2 protein chains.
Amino acid sequence: MTPDDLETLAQVQPPQDDEADGRKRRGNRTRESILDTAADLASIEGLEGLTIGRLATELGMSKSGLFAHFGSKEELQLATIDAARRRFVDNVVRPSRELPRGRERVERLMNDWLAYYRGEIFRGGCFFNTVKAEFDSRSTGPVRDVVMDDAREFIAFLAREVRKAQEAGDLDPSIDPDQLAFELDAVGAAANQHFQLMHDEKVFERAATAIRTRLDAAATAA
Amino acid sequence: MTPDDLETLAQVQPPQDDEADGRKRRGNRTRESILDTAADLASIEGLEGLTIGRLATELGMSKSGLFAHFGSKEELQLATIDAARRRFVDNVVRPSRELPRGRERVERLMNDWLAYYRGEIFRGGCFFNTVKAEFDSRSTGPVRDVVMDDAREFIAFLAREVRKAQEAGDLDPSIDPDQLAFELDAVGAAANQHFQLMHDEKVFERAATAIRTRLDAAATAA
DNA sequence: CCTACCGATCGGTAGG
DNA sequence: CCTACCGATCGGTAGG
């Protein structure tokens with residue numbers, strides 16, 4: 001459909017750094033390290049369980065010193081989601097871009113995704129699975145809306161990659177990309193949750209098997 | 001393997017009621033209604049987000065009046081899980097018991113499960129999906145342990161039903177029941193989460209399609 | 001089942 | 001980026 005638009009997934013706002021004295025630069029570096037820690041904490045406790053006091057303690061700074069970087073807890077939550085999205089894109093979305101469109105790229109993407117779960121790129125497992133579950137039944141608000149958009153966007157991204165593999169002649173054009181994307185996403189989320197809950201690495205073999213079976217069934221008899 | 005042991009899933013402790021004056025009976029009724037409300041709140045906010053103050057307000061009683069029924073927040077959390085398990089068993093596990101073992105029973109089970117999601121039997125969607133995600137990356141403790149055991153037990157229950165369908169000759173004996181159970185569980189959990197997040201009922205058609213495809217592929221060519 | 005409390009922590013602010 | 005605070009709420013207790 002659209003070209004290789006990982007841009008929609010990676011809305012990176014480059015930190016401003018236009019003052020010569022380096023104070024803003026230092027401030028931005030502090031901000032980034034705050035958000036990295038915040039994303040790790042939130043992957044464990046969620047974005048509500050992420051409290052300013054605990055985050056400040058973890059960083060060895062005062063609550064108000066930390067708070068000065070953000071106007072409110074909601075701003076902190078939204079900035080944390082942005083930082084987490086960058087980490088997700090770097091680890092899961094970007095690497096497979098170097099491969100040509102097709103089944104091979106889809107498989108690489110799935111492998112990177114499972115490796116990201118297994119490697120606990122966030123301290124508490126996938127940040128996005130945690131916050132999706134946290135906000136899925138809460139009333140609307142800016143944070144919930146962003147979480148929902150990201151969830152939707154990732155499945156749409158998977159569906160686009162399936163469609164490209166169909167156009168490349170690797171996958172049967174008659175299958176429904178959205179259906180396959182839903183099933184792939186379900187398997188990945190389940191693998192992350194079971195791994196976090198049971199600490200059993202075998203679940204990744206189960207997930208890989210499920211993904212392979214799904215792609216084999218969708219493959220063109222070439 | 002074992003017989004129709006839904007007992008392991010439904011460890012119902014019948015309320016004691018041995019005093020003639022009805023005070024205990026009333027107390028137990030109050031306790032049950034507290035736990036029903038607690039399970040609904042926890043399905044939205046999680047078992048940590050379930051605070052004694054909010055629960056008391058919702059029930060129109062004082063914090064300490066409510067607290068008298070439980071010795072600690074942890075006791076309240078564990079009792080809430082018990083109450084939620086009963087509701088889950090009544091709605092998802094029990095109905096299909098009336099069918100003979102086999103593929104038909106598995107399909108009935110899956111249908112009841114999706115109907116339970118769609119019908120929002122808990123106010124915030126499936127209680128167990130919420131608390132699994134909440135506790136999956138937390139450090140061990142009694143609550144996390146029970147949540148993990150329940151998750152494990154449900155997948156094992158699905159696997160047993162698959163095995164019975166194999167023994168009945170409905171499903172190919174060469175397929176791995178644990179693998180199929182993992183995939184069925186993944187699809188169900190994803191359907192619940194997407195429904196809660198996007199409020200789109202179409203996800204249940206996707207889930208039903210995924211389940212049907214999985215069972216068709218596992219069916220014996222009869 | 002209640003009122004009345006406890007110390008700790010929450011998000012946030014004043015003022016520097 | 002700090003100290004020093006605010007009112008609200010947390011889990012829990014004393015005493016009835």
Side-chain angles (χ1 to χ4, degrees), chain A residues 15-17 19 21-38 41-42 44-81 134-135 138-139 141-144, chain B residues 15-17 19 21-38 41-42 44-81 134-135 138-139 141-144:
Chain A
Q16 304 156 293
D17 192 6
E19 290 221 358
D21 65 0
R23 248 203 295 174
K24 242 180 191 161
R25 198 166 7 188
R26 205 172 337 113
N28 280 327
R29 247 184 284 126
T30 304
R31 197 185 135 100
E32 292 310 303
S33 80
I34 291 172
L35 292 178
D36 273 341
T37 304
L41 278 183
I44 300 171
E45 312 271 1
L47 281 165
E48 296 294 339
L50 170 74
T51 70
I52 292 160
R54 280 205 50 198
L55 183 54
T57 302
E58 183 111 358
L59 289 158
M61 51 194 296
S62 70
K63 264 174 55 178
S64 64
L66 187 155
F67 205 68
H69 289 271
F70 314 93
S72 65
K73 176 157 188 188
E74 188 175 288
E75 287 300 321
L76 169 64
Q77 291 174 320
L78 292 170
T80 300
I81 294 175
E134 187 184 10
F135 283 92
R138 303 219 173 166
S139 44
V143 177
R144 201 200 115 102
Chain B
Q16 306 155 290
D17 193 6
E19 289 220 359
D21 64 0
R23 248 205 292 173
K24 243 183 190 157
R25 198 166 8 189
R26 208 173 332 114
N28 280 326
R29 247 184 284 127
T30 304
R31 196 184 136 99
E32 292 310 303
S33 80
I34 290 173
L35 292 177
D36 272 342
T37 304
L41 279 184
I44 300 171
E45 313 271 0
L47 279 165
E48 295 295 338
L50 169 74
T51 70
I52 293 161
R54 279 204 52 201
L55 183 54
T57 303
E58 182 111 358
L59 289 158
M61 50 193 299
S62 70
K63 263 174 56 177
S64 64
L66 187 156
F67 204 70
H69 288 272
F70 315 93
S72 66
K73 178 159 186 186
E74 189 175 286
E75 286 300 320
L76 169 64
Q77 291 174 322
L78 292 170
T80 301
I81 295 175
E134 186 184 11
F135 283 91
R138 304 220 174 167
S139 43
V143 177
R144 203 201 112 103

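Being a predicted model, the structure only gives us computed values, none of them experimental. Chain identifiers are assigned alphabetically (A, B, ...) following the order of the sequence lines, protein sequences preceding nucleic acid strands; residue numbering begins at 1 within each chain. Any value given below was found using the heavy atoms of this structure, including those in side chains, with hydrogens, waters and symmetry copies removed.
Contact annotation: the side chain of A:Leu47 approaches that of A:Ile81 to within less than 4.5 Å [non-hydrogen atoms, C-beta and beyond].
For B:Phe67 and C:dT3, the CZ to C1' distance is 17 Å, given to the nearest whole Å. Between the P atom of C:dT9 and the CD atom of A:Glu58 lies a distance of 16 Å, rounded to the nearest Å. To the nearest angstrom, P of C:dT9 lies 16 Å from CG of A:Leu55. B:Glu75 has its CD atom 14 Å from the C1' atom of D:dG12, to the nearest Å. Put simply, CZ on A:Arg54 is 12 Å from P on C:dT9, counting in whole angstrom units. Taking atom CG of B:Leu78 as the reference point, atom C1' of D:dG11 lies 16 Å away to the nearest angstrom. Residue B:Glu48 contributes atom CD, which lies 14 Å from atom C1' of C:dT9 at whole-angstrom precision. One atom, CZ of A:Phe70, and another, C1' of C:dT13, lie 18 Å apart when rounded to the nearest Å.
B:Ser62 comes within 4.0 angstrom of a base, heavy atoms only.
Checked by distance alone, A:Ser64 brings a side-chain donor or acceptor within 3.5 Å of a matching partner on the base of D:dT3. Counting distance only, with no hydrogens placed and no angle test, the side-chain atoms of B:Lys63 and the base atoms of D:dG11 include a donor-acceptor pair under 3.5 Å.
Nearest to the side chain of A:Met61, among D:dG11, C:dC1, D:dC2, sits D:dC2. Nearest to the side chain of B:Thr51, among D:dG11, C:dG12, C:dG11, sits D:dG11. Minimum atom distance to the side chain of B:Ile52 is reached by D:dG12, of the listed D:dG12, C:dG12, D:dC1. Counting only heavy atoms from C-beta on, B:Thr30 has its side chain closest to C:dC1 among C:dC1, D:dC10, D:dC2.
Shown here for B:Ala79 and B:Phe70, the closest heavy-atom pair between the two residues is CB-CE2, 4.1 Å. Summarising the geometry of A:Glu45 relative to A:Arg54, their closest heavy-atom pair is OE2-NH1, 3.0 Å, with the distance given to 0.1 Å.
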